[in-house]
Colleague: 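Sharing a structure with you now.
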Amino acid sequence: MWNNGHLVFNTEAEPKSSESIAKVVPPQFEPRFVLDLLSYCNNHHQNLCRSQLDLPKTRLIDCYDRSIIFSSQATKYVTLSYVWSQNQTSIPRAEENMTAADDWVLPSVVSQAIEGAIQVTKKLGYRYLWVDKYCIDQKNELEKLEQIGQMDMIYQASEFTIVAAAGYDEHTGLPGVGSTTRSLQPSISLGEFTIRSTMRHPHQAIKAARWMTRGWTLQESILAKRRLVFTEDQIYFECNAMNCYE
């Protein structure tokens with residue numbers, strides 16, 4: 001194996017049991033792959049991966065109507081770990097986005113990573129997503145201190161954490177979701193033979209990611225009990241008992 005994967009010869013004939021066949025990584029995010037992993041984890045890793053914590057008081061994004069609501073303890077939700085952009089121009093303010101029942105509303109345009117996380121949350125059957133930029137009032141210093149103080153509980157109580165590990169920051173998006181493309185899987189056909197490269201191991205991609213160099217995101221990855229990592233090439237799923245990739 002090498003950092004960028006390894007080459008495998010495939011033929012059009014039926015493979016023998018001892019032959020190694022390189023799996024084709026789909027160009028788009030496929031929810032079924034993740035749903036099967038989450039189901040297995042829920043059924044077999046209850047003592048290791050199921051949080052016993054109640055959701056602390058915080059806000060959550062409703063991924064369907066894009067409002068930002070106060071949570072209840074029984075709410076199941078997903079968290080996002082990502083690298084902030086240095087250009088922060090669309091953080092909602094209560095006085096600008098207040099609606100009935102003191103709910104807030106997301107800006108009409110958010111970064112690609114956050115938009116991708118909203119789509120992934122819905123495709124995996126969840127409604128609520130926690131994103132620090134929009135679920136913490138960034139203009140309220142007292143609230144920021146309070147929320148930072150319970151960050152461990154926020155990540156530990158979530159169903160899983162989406163990790164945006166591709167690109168420089170949140171504007172890169174989640175490869176395979178929406179308009180954000182994945183790296184192409186190298187292959188060449190020679191008659192009845194196909195030479196196809198596996199993708200590089202996700203550990204290599206994650207180690208090389210800018211996301212891995214940030215103190216906040218490192219903390220978030222440690223606190224989360226289940227991580228769904230989007231690299232440039234593929235998805236990597238890790239819980240407290242197993243890890244899998246496409």
Side-chain angles (χ1 to χ4, degrees), residues 25-31 34 59-68 77-93 96-97 104-124 126 128-139 144 147-148 151 154-155 158 160-185 199-200 202 204-221 223-224 227-237 245-246:
V25 178
Q28 293 292 317
F29 165 67
E30 294 189 349
V34 181
R59 297 182 180 89
L60 297 172
I61 297 169
D62 186 321
C63 293
Y64 285 90
D65 65 18
R66 301 176 77 90
S67 64
I68 303 173
Y77 67 101
V78 177
T79 44
L80 174 65
S81 178
Y82 64 107
V83 177
W84 278 49
S85 167
Q86 294 181 348
N87 181 22
Q88 302 299 330
T89 59
S90 60
I91 299 175
R93 296 180 62 185
E96 295 174 352
N97 297 290
W104 297 353
V105 177
L106 275 182
S108 57
V109 178
V110 296
S111 68
Q112 286 185 291
I114 295 173
E115 187 62 50
I118 290 171
Q119 299 307 313
V120 170
T121 299
K122 292 194 295 184
K123 288 180 178 181
L124 294 179
Y126 294 90
Y128 298 105
L129 173 68
W130 186 89
V131 180
D132 55 0
K133 181 186 293 186
Y134 297 117
C135 296
I136 300 175
D137 186 352
Q138 301 297 325
K139 306 296 182 180
K144 284 175 66 175
Q147 292 291 299
I148 289 173
M151 198 77 73
I154 290 173
Y155 277 92
S158 69
F160 60 90
T161 294
I162 297 170
V163 175
Y168 187 78
D169 61 22
E170 62 188 285
H171 294 300
T172 299
L174 305 181
V177 179
S179 62
T180 305
T181 59
R182 287 177 165 177
S183 299
L184 293 176
Q185 187 173 14
M199 293 302 198
R200 61 177 171 170
Q204 297 290 339
I206 294 168
K207 287 179 181 178
R210 185 167 182 261
W211 172 86
M212 193 68 176
T213 69
R214 318 302 290 175
W216 282 110
T217 53
L218 176 61
Q219 171 184 267
E220 292 159 3
S221 68
L223 294 172
R227 292 156 288 279
L228 182 61
V229 185
F230 285 79
T231 72
E232 284 89 348
D233 313 312
Q234 60 183 311
I235 286 173
Y236 174 71
F237 175 87
Y245 52 95
E246 293 178 277

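All heavy atoms count here, side chains included; hydrogens, waters and symmetry mates do not.
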Colleague: Indicate yes or no for a side-chain donor-acceptor contact from Glu246 to the backbone of Ile235 under 3.5 Å, with no hydrogens or angles considered.
Modeller: yes
Colleague: Kindly compute the distance separating CG (Leu228) from CG (Leu124), expressed to the nearest 0.5 Å.
Modeller: 7.0 Å
Colleague: Are any side-chain N or O atoms of Glu232 and backbone N or O atoms of Gly167, one a donor and one an acceptor, separated by less than 3.5 Å?
Modeller: yes
Colleague: To the closest 0.5 Å, what do you measure between CD (Gln119) and CD1 (Ile162)?
Modeller: 10.5 Å
Colleague: Check the pair Phe29, Leu174 against side-chain contact (heavy atoms from CB on, under 4.5 Å), reporting the backbone distance first and the verdict last.
Modeller: CA-CA 9 Å; Phe29 165 67; Leu174 305 181; over 6 Å; no
Colleague: When rounded to the nearest 0.5 angstrom, what distance separates OG in Ser183 from CG in Asp233?
Modeller: 4.5 Å
Colleague: Check whether any side-chain heavy atom of Val83 sits under 4.5 Å from a side-chain heavy atom of Tyr168, and report yes or no.
Modeller: no
Colleague: First locate atom CZ of Phe160, then atom CZ of Phe237, and finally report the distance between them rounded to the nearest 0.5 Å.
Modeller: 8.5 Å
Colleague: For the NE2 atom of His171 and the CD atom of Glu115, what is their distance to the nearest 0.5 Å?
Modeller: 13.0 Å
Colleague: Ignoring hydrogens, what is the shortest heavy-atom contact between Leu129 and Cys135? Give both atom names and the distance.
Modeller: O-SG, 4.0 Å
Colleague: Measuring only between side-chain heavy atoms, which start at C-beta, is Val110 closer than 4.5 Å to Arg66?
Modeller: yes
Colleague: Among Thr172, Asp132, Asp169, exactly one meets side chain to side chain donor-acceptor pair (under 3.5 Å) together with Tyr82. Which residue is that?
Modeller: Asp132
Colleague: Heavy-atom distance under 4.5 Å between the side chains of Thr79 and Thr161, does that happen here?
Modeller: yes
Colleague: State whether the side chain of Gln185 and the backbone N or O of Val25 hold a donor-acceptor pair below 3.5 Å, judged by distance alone.
Modeller: yes
Colleague: Indicate yes or no: at least one non-hydrogen side-chain atom of Ile206 is less than 4.5 angstrom from one of Trp211.
Modeller: yes
Colleague: Give, for atom CD of Glu220 and atom CZ of Arg214, the distance between the pair rounded to the nearest 0.5 Å.
Modeller: 11.5 Å
Colleague: With no hydrogens and no angle check, is any side-chain donor or acceptor of Glu30 less than 3.5 Å from a backbone partner on Gln28?
Modeller: no
Colleague: Is a side-chain donor or acceptor of Tyr134 paired with a backbone partner of Leu60 at a separation under 3.5 angstrom?
Modeller: no
Colleague: Going by atom types alone, do Tyr245 and Gln234 pair a side-chain donor with an acceptor below 3.5 Å?
Modeller: no
